[in-house]
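Data block below; observations after.
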Amino acid sequence: MSFPQHRPRRLRATAALRKLTAEVRVEPSQLILPAFIREGISEPVPLQSMPGVVQHTTASLRKAAAEAAELGLGGIMLFGVPAVRDAAGSAGVDPEGVLNRAIADVKAEVGHDLVVMSDVCLDEFTDHGHCGVLAPDGSVDNDATLEIYARMAVVQAQAGADVLGPSGMMDGQVAVIRQALDEAGLQNTAVLAYAAKYSSAFYGPFREAVDSQLKGDRRTYQMDPSNRREAILEVELDLQEGADMVMVKPAMSYLDILADVAEMSPVPVAAYQISGEYAMIEAAAANGWIDRKAAILESVLGIRRAGADMVLTYWAAEMARWLKESN
């Protein structure tokens with residue numbers, strides 16, 4: 001049968017009907033708030049390229065984490081910006097380093113009311129801005145970097161992180177981190193693997209957020225945007241190495257990858273709505289070209305519809321307020 005028997009518009013007639021028949025929903029518990037803490041500042045520092053996002057002080061980060069817990073967010077992902085960097089990213093393995101202190105502070109603030117996540121990567125901590133240490137020829141030394149990641153992971157878990165997010169795209173990083181955690185008696189610390197992380201043009205504003213010192217690019221270790229099947233290989237390897245969750249990053253330009261991963265993954269799948277995605281919507285809205293709230297909600301809904309169980313987004317807290325109001 002077809003028209004006039006079939007009239008799909010019947011289920012779109014009212015807001016109540018549309019809500020009743022919605023196939024995909026966004027809940028605050030599915031949202032994770034990325035947050036930056038910068039060492040040596042006395043007030044939060046606004047980011048020019050990401051309106052509404054700041055580099056936090058200890059006090060403002062604790063406040064943001066408490067608000068996230070109160071709003072029912074799923075988690076908070078912490079990134080640290082140290083005052084001093086070196087070639088080996090030493091601040092990242094220092095128990096008193098900015099990120100590790102922040103983990104402890106946030107954990108003390110929220111306890112088990114919010115999942116505390118932390119970034120296991122060296123790019124914020126190195127004076128060359130790469131995600132690993134450099135070999136004499138200037139390339140990123142995969143295996144030497146893994147040794148540091150293992151130490152970082154243990155220190156972050158000891159500081160109180162519930163979930164670790166290795167984001168450097170080094171081969172074998174999940175296996176090394178899992179082994180280090182288990183040997184340290186930290187078997188309950190989960191690993192959210194940045195399994196399919198692409199070399200993207202949309203990371204630009206994030207570089208401001210972490211005061212990146214990067215010269216050149218990360219194409220020798222982050223994935224080539226041309227490749228789709230390779231993402232499945234990367235996810236399969238991370239699963240074999242013990243990943244508890246996997247991530248696709250970025251989200252917007254890689255919804256096909258996200259759908260592929262969601263189709264095959266036996267573990268929860270995250271997607272990161274990255275800084276460039278945030279900046280574009282904010283810029284268009286500021287110019288009056290799009291409806292800001294509607295665009296934000298639709299963009300995150302699209303990521304959920306593609307298969308993400310959880311979404312890292314800088315709008316997490318604001319969206320949670322909207323969702324609570326609408327319910």
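Source: prediction; values computed, not measured.
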Testing the basics here: between [X] and [Y], what is the closest heavy-atom pair and its distance to 0.1 Å?
X	Y	result
Ala306	Leu258	CB-CD2, 3.7 Å
Leu181	Ala157	CD2-CB, 3.7 Å
Glu124	Phe79	OE2-CD2, 3.3 Å
Ser199	Arg218	OG-C, 4.5 Å
Glu27	Leu323	C-CD1, 4.1 Å
Val155	Pro95	CG1-CA, 3.8 Å

Would you say the side chains of [X] and [Y] form a donor-acceptor pair under 3.5 Å?
X	Y	result
Glu236	Gln240	no
Glu43	Thr57	no
Thr145	Asp141	no

Within the structure provided, determine whether [X] and [Y] are in side-chain contact (heavy-atom separation under 4.5 Å).
X	Y	result
Phe125	Cys131	no
Glu39	Arg101	yes
Val110	Val116	yes
Val81	Ile37	no
Val269	Met247	no
Leu33	Met77	no
Met169	Met223	yes
Asp119	Asp123	yes

Self-check item: Side-chain ion pair, Glu318 and Lys293, N-O less than 4.0 Å
Solution: no
For [X], look at atom [atom1] and say whether over 12 heavy atoms of other residues, nucleotides or ligands are found less than 6.0 Å away.
X	atom1	answer
Arg219	CZ	no
Arg229	CZ	no
Arg10	CZ	yes
Arg305	CZ	no
Gln187	CD	yes
Asn287	CG	yes
His112	NE2	no
Glu23	CD	no

Backbone N/O of [Y] and side chain of [X]: donor-acceptor pair under 3.5 Å:
X	Y	result
Arg304	Val26	no
His130	Gly132	no
Ser139	Ala135	no
Gln273	Thr313	no

Please round to the nearest 0.5 Å and tell me the distance separating atom [atom1] of [X] and atom [atom2] of [Y].
X	Y	atom1	atom2	result
Arg9	Phe3	CZ	CZ	10.0 Å
Ile76	Ser118	CD1	OG	11.0 Å
Thr189	Asp162	OG1	CG	7.5 Å
Ser49	Glu282	OG	CD	11.0 Å
Arg38	Leu61	CZ	CG	15.0 Å

Exercise. Pick out which of Phe202, Tyr203, Tyr272, Tyr314 makes a ring pair (Phe, Tyr, Trp, His ring centres under 6.0 Å) with Tyr278.
Key: Tyr314
Quiz item: What residues, two or more places apart in sequence or in another chain, satisfy side-chain hydrogen bond (donor to acceptor under 3.5 Å, both in side chains) together with Ser275?
Solution: none
Hydrophobic cluster identity match, [X] and [Y], side-chain contacts under 4.5 Å:
X	Y	answer
Ile41	Leu99	no
Met245	Tyr194	yes
Leu237	Tyr221	no

Quiz item: Taking it one step at a time, do Val311 and Ile32 satisfy side chain to side chain contact (heavy atoms under 4.5 Å, CB included)?
Solution: CA-CA 6 Å; Val311 181; Ile32 298 165; over 6 Å; no
